[in-house]
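Okay, structure first, notes after.
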Amino acid sequence: MLYRTSPRHEAIPETHVPHQVYIGIGSNLGDRRANTHEAMERIKGLPATKIVRSSSLYESEPLGDAKTWFVNSVIQLETELLPDQLLKKLKAIEEAMGRKRVKGKRWGSRIIDLDILLADQDVIEKRTLKVPHPEMHKRRFVLLPLAELAPHVIHPQLGQSVSTLLATVKDAKRVTLLPRS
Ligand code: ADP
Ligand code: MG
């Protein structure tokens, strides 16, 4: 057994402390509910990763050019993957699902969108990966499902809890609970 020394010099067992990560899932094409569940199953299959909890599914009014309402949800993961490694795996899942479902069509459709919202209290500002997700605090369709799982978690850059961010968000787009089927 390996030991490391805690700040108070007690010997404590060396363990792999998993990262607590929240992922936002969105789909607005095809069978949106099935796409969401398929993505969750694929995430469950990632190495050294487990889904701790998942939010309800919500339906949200589309942004920008999209015409179909989105199905949005959030899952909480415990993973030993580092954020960069996780992003790579999530992109591979998006691509695998896209290729399978949109035969002969150009990529760009939102069959599935997997975003890393929060990873522990990390702040990452790379070109390819920004954590917390730069738009999360502006989007009701992210904050509402996230608040189900993590109302007291603090946004490390804004210093406010998810429930406070939800209470003050200025997003007029509608978000409604999707009934279980
Ligand atoms: P969006 O989710 O912003 O609508 P995309 O899903 O097409 O758009 O993502 C575009 C790029 O955003 C990805 O290639 C990825 O490298 C980058 N990105 C930066 N930060 C994150 C994050 N926290 N989670 C997921 N992707 C991210
Ligand atoms: Mg994305």
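When a residue number appears, it is its place in the shown sequence, counting from 1. Every value quoted in this text rests on a predicted model; they were computed, and no experiment measured them. Hydrogens, waters and symmetry mates play no part in the numbers below; they use all other heavy atoms, side chains included. For ligands, and for the atoms within them, numbers begin at 1 and follow the listed sequence.
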* Asked: Taking atom NE2 of H19 and atom CG of L82, what is their separation to the nearest 0.5 Å?
  -> 5.0 Å
* **Atom pair CG/CG of L146 and L117 - distance to nearest 0.5 Å** => 6.0 Å
* **S56 versus E148, side-chain donor and acceptor atoms under 3.5 Å** => yes
* Asked: For the Mg ion (ligand 2), what is the closest N, O or S atom on D115?
  ->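 Checking each N, O and S atom of D115, the shortest distance to the Mg ion (ligand 2) belongs to OD1.
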Under-4.0 Å salt bridge between [X] and [Y]:
{"X": "R32", "Y": "E59", "value": "yes"}
{"X": "K130", "Y": "E125", "value": "no"}
{"X": "K91", "Y": "E95", "value": "no"}

* Between L90 and ligand 1, which part of the residue brings a heavy atom under 4.0 Å of the ligand: side chain, backbone, both or neither? -> neither
* Asked: Of the backbone atoms (N, CA, C, O) and the side-chain heavy atoms from C-beta on, which set of D113 has a member under 4.0 Å from an atom of ligand 1: side chain, backbone, both, or neither?
  ->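 It is the side chain that gets close, since no backbone atom is under 4.0 Å.
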Any non-hydrogen protein atom less than 4.0 Å away from [atom]:
{"atom": "atom 10 (C) of ligand 1", "result": "no"}
{"atom": "atom 24 (N) of ligand 1", "result": "yes"}
{"atom": "atom 20 (N) of ligand 1", "result": "yes"}

* Nearest protein heavy-atom contact for atom 26 (N) of ligand 1: which residue, which atom, what distance? -> L87 CD1, 3.6 Å
* **Flag side-chain contact, heavy atom, 4.5 Å: M136 against H155** => yes
* How are the rings of F70 and F141 set relative to one another: parallel (under 30°), tilted (30 to 60°) or perpendicular (over 60°)? ->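 Parallel, since the angle between the ring planes stays under 30°.
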* Asked: Got an N, O or S from D113 under 2.8 Å of the Mg ion (ligand 2)?
  ->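 Coordinating: yes.
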* May I ask you to check whether over 12 heavy atoms, not counting those of K173, lie within 6.0 Å of atom NZ? =>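 Buried by this count: over 12 neighbours within 6.0 Å.
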* **K126 to ligand 1, any heavy atom closer than 4.0 Å** =>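 Heavy atoms of K126 never come under 4.0 Å of ligand 1.
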* **Among I23, T128, I116, closest by any non-hydrogen atom to atom 27 (C) of ligand 1** =>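 Looking at heavy atoms only, T128 sits closest to atom 27 (C) of ligand 1.
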* Evaluating non-hydrogen atoms only, which member of E94, H133, K91 is closest to atom 13 (C) of ligand 1? ->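 Result: the heavy atom closest to atom 13 (C) of ligand 1 is in K91.
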* Which of the ligand 1 atoms, numbered from 1, are nearer than 4.0 Å to a heavy atom of R110 ->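 Answer for ligand 1: 1 (P), 2 (O), 4 (O), 5 (P), 6 (O), 7 (O), 8 (O).
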* **Contact atoms of ligand 1, heavy-atom distance to D115 under 4.0 Å** => 2 (O), 24 (N), 25 (C)
